[in-house]
A.B. asks: 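First the structure, then my questions, so here it is.
A quick note: this is a predicted structure, and the numbers were derived from the prediction, not measured. These values consider heavy atoms only, across backbone and side chains, with no hydrogens, waters or symmetry-generated copies. A note on names: the letters A, B, ... follow the listed sequences, proteins ahead of strands, and every chain is numbered from 1.
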Number of protein chains: 4
Amino acid sequence: MTETADTRPGWFSAQELENIRGRMPVLYVQAVPVRVDDVGQVTHVGLLMRASPDGRFHRSVVSGRVLYHERVRDALLRHLEKDLGPVALPRIPSSPQPFTVAEYFPTPGVTPFHDPRQHAVALAYIVTVSGDCQPRQDALDLMWFTPEEAADARVLEEMNDGQDVLLRQALAYVGHAP
Amino acid sequence: MTETADTRPGWFSAQELENIRGRMPVLYVQAVPVRVDDVGQVTHVGLLMRASPDGRFHRSVVSGRVLYHERVRDALLRHLEKDLGPVALPRIPSSPQPFTVAEYFPTPGVTPFHDPRQHAVALAYIVTVSGDCQPRQDALDLMWFTPEEAADARVLEEMNDGQDVLLRQALAYVGHAP
Amino acid sequence: MTETADTRPGWFSAQELENIRGRMPVLYVQAVPVRVDDVGQVTHVGLLMRASPDGRFHRSVVSGRVLYHERVRDALLRHLEKDLGPVALPRIPSSPQPFTVAEYFPTPGVTPFHDPRQHAVALAYIVTVSGDCQPRQDALDLMWFTPEEAADARVLEEMNDGQDVLLRQALAYVGHAP
Amino acid sequence: MTETADTRPGWFSAQELENIRGRMPVLYVQAVPVRVDDVGQVTHVGLLMRASPDGRFHRSVVSGRVLYHERVRDALLRHLEKDLGPVALPRIPSSPQPFTVAEYFPTPGVTPFHDPRQHAVALAYIVTVSGDCQPRQDALDLMWFTPEEAADARVLEEMNDGQDVLLRQALAYVGHAP
């Protein structure tokens with residue numbers, strides 16, 4: 001699962017985090033940014049373009065760790081602002097109920113989700129953003145797709161680690177064909 | 001279940017509607033209007049004050065029928081604008097999944113919900129409203145309560161037909177003590 | 001939306017029902033029957049084979065009207081027993097929250113769902129069945145598919161009226177690739 | 001949050017776990033065991049009786065950590081079998097979507113949930129159990145309450161750390177008055 005460096009440094013040394021990641025599940029949040037019309041129907045889904053360590057490009061949703069003593073809704077806002085910039089105006093959902101829980105295993109095939117570095121468990125939410133998005137940090141670009149475009153094989157195959165499945169689960173949840 | 005007159009007249013005569021109401025379940029939407037902070041946490045719940053036919057007052061959420069060839073999300077917007085005015089700026093949820101389905105039976109005790117006039121099945125949603133609310137039609141007033149105030153017995157006992165249960169289910173859904 | 005004749009006759013004459021169907025939304029339940037393993041993971045999805053009025057065959061989930069003074073959970077059980085037989089042992093969900101609400105419009109394109117006869121609004125649930133299924137009435141057969149098989153284009157294209165979308169939304173909801 | 005010792009020893013030394021607990025959120029599952037009737041309606045809720053370290057008694061739902069490389073559904077089954085015995089026959093939900101996410105903070109008041117030892121984030125599920133329950137390990141007893149009894153102040157005040165709120169959120173989710 002791609003993520004930028006945590007913005008609050010110093011919770012763990014890189015070494016310590018590495019050690020923990022090999023021994024307990026790490027809690028994440030994931031947000032699928034959407035644009036909606038005036039009756040709440042999703043008109044566009046936002047996907048980040050990032051560079052993989054191997055120099056290839058891929059698309060992804062907003063993802064990141066929940067820190068110690070941080071509420072899930074605060075983690076969502078922090079990662080959305082980190083990836084979409086300070087004026088994206090994300091509307092964090094009022095309910096803590098995620099639309100799904102995506103379990104990323106270091107071993108491929110246990111679930112549709114895979115993360116070679118760790119066992120990550122992500123609470124996944126749909127988040128309407130109404131402001132201007134200016135991708136930051138390691139996100140090179142943000143592109144908006146209609147639900148039909150987002151469900152297209154050419155977009156989905158640019159997503160890694162099962163995020164294509166997560167995106168389609170998100171489309172299903174908002175009433176679109178996945 | 002309280003509701004104002006439908007704003008699109010002429011679908012059925014009063015006689016016809018009465019006849020149908022005695023013979024098939026009628027589809028409703030219900031919306032619990034909320035104010036949220038910048039991480040989506042509910043800070044206030046809005047309740048309408050209405051006059052009952054017997055001259056007493058009671059509090060209620062936004063309710064109304066879904067009309068023929070009307071989408072659930074369009075019905076939600078229509079009833080919210082009808083009860084809260086044209087500049088309430090309700091944010092209709094992006095997902096069609098309601099937080100609950102409230103079944104109002106003409107016979108008390110079948111479910112926690114009761115409607116002496118009909119068998120109504122209501123899809124219930126939490127709706128954030130960010131604009132100014134100006135109650136209209138038969139809604140005399142709209143008052144905002146903190147989640148703690150809304151869960152208080154004095155508020156709950158001013159609600160009829162099981163809407164106190166619906167309100168508490170809504171509070172539970174947004175992570176508050178019901 | 002395909003359904004068998006209602007098992008409780010006499011609520012409306014055919015003429016009356018036809019008249020109402022042209023003027024108000026009709027409440028339905030839909031159930032996607034599944035088999036699960038001992039940790040609840042869906043291993044198979046059950047689809048009915050039916051004959052269309054035009055003599056062709058198509059696959060469908062369990063569907064039917066909610067009757068006057070019938071609870072949603074009673075309607076679910078009634079339609080599951082009607083289509084899967086008396087020893088299917090369906091486990092009706094404990095929560096009234098459906099995984100989605102599918103809105104079938106007589107006009108194609110308003111939503112992904114279409115019903116030329118009526119405006120039907122269906123509360124959709126996943127229902128585990130643990131017993132023997134013996135399709136009855138107009139259901140010619142019940143076939144079990146793995147989630148991968150069910151998501152295959154050849155199966156999906158045998159479904160009408162947007163039920164392929166509903167099936168994929170169901171797969172998404174239970175954590176599978178839709 | 002009360003829990004018995006993990007049944008798979010040796011993942012961390014007590015010292016290491018203590019160290020991590022002070023620095024990152026720990027992922028939990030919580031299950032509210034229920035009995036249902038033949039249409040899925042909850043008739044009883046099961047609560048464990050445990051002894052607190054201070055020698056007092058309290059009631060609780062089933063809780064426990066998710067281990068490294070363990071799926072959420074496997075963790076649910078493991079903790080249910082640990083607390084309710086091997087023949088409880090729990091029916092793990094088919095969907096990974098929890099009914100809520102309960103965030104237990106070491107600082108009281110951040111959320112309704114509190115855990116003095118750690119920051120725990122619990123995915124909460126309703127789990128129907130159809131077999132015989134034989135509480136084991138540190139659970140002294142399991143008692144079944146009707147939804148009305150479970151919502152009674154005398155039962156709720158025997159629950160610690162906000163589990164009374166979780167129980168009422170569970171009742172709300174299954175359509176009962178919380």
Side-chain angles (χ1 to χ4, degrees), chain A residues 29 31-46 66-67 70-81 86-100 123-131 146-147 150 167-178, chain B residues 29 31-46 66-67 70-81 86-100 123-131 146-147 150 167-178:
Chain A
V29 286
V32 180
V34 299
R35 300 280 199 202
V36 297
D37 66 16
D38 62 352
V39 287
Q41 181 135 48
V42 170
T43 58
H44 293 87
V45 174
V66 181
L67 297 181
E70 184 182 41
R71 288 182 302 176
V72 164
R73 50 178 77 254
D74 294 314
L76 271 173
L77 182 62
R78 179 169 60 84
H79 289 291
L80 283 157
E81 292 193 335
V87 293
L89 303 181
R91 296 175 186 164
I92 310 298
S94 58
S95 173
Q97 188 182 42
F99 73 87
T100 199
L123 310 180
Y125 298 91
I126 308 293
V127 180
T128 300
V129 298
S130 57
T146 66
L167 174 59
R168 293 164 70 201
Q169 291 174 338
L171 290 170
Y173 180 69
V174 296
H176 281 282
Chain B
V29 287
V32 181
V34 299
R35 299 281 197 201
V36 297
D37 66 15
D38 62 351
V39 288
Q41 181 135 48
V42 170
T43 58
H44 294 86
V45 173
V66 180
L67 297 180
E70 184 182 42
R71 288 181 303 175
V72 165
R73 51 179 75 255
D74 294 315
L76 271 173
L77 181 62
R78 181 170 59 84
H79 289 291
L80 283 157
E81 293 193 335
V87 291
L89 305 179
R91 297 173 184 164
I92 310 299
S94 57
S95 172
Q97 188 183 41
F99 73 86
T100 198
L123 310 180
Y125 298 91
I126 309 291
V127 180
T128 300
V129 297
S130 57
T146 66
L167 174 58
R168 293 164 71 200
Q169 291 174 337
L171 290 171
Y173 180 69
V174 296
H176 281 282

A.B. asks: What part of B:P93 is in contact with chain A, defined as an atom under 4.5 angstrom from a non-hydrogen atom: side chain, backbone, both or neither?
C.D. replies: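 Backbone only.
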A.B. asks: Can you tell me how far the OG atom of B:S95 sits from the CD atom of A:Q97, to the nearest 0.5 Å?
C.D. replies: 9.5 Å
A.B. asks: Output the residues of residues 31-43 of chain A for which the shortest heavy-atom distance to chain B is under 4.5 Å, in residue-number order; output 'none' if no such residue exists.
C.D. replies: A:V36, A:D38, A:V39, A:G40, A:Q41, A:V42
A.B. asks: Which of residues 170-178 of chain A have a heavy atom under 4.5 Å from any heavy atom of chain B?
C.D. replies: A:Y173, A:V174, A:G175
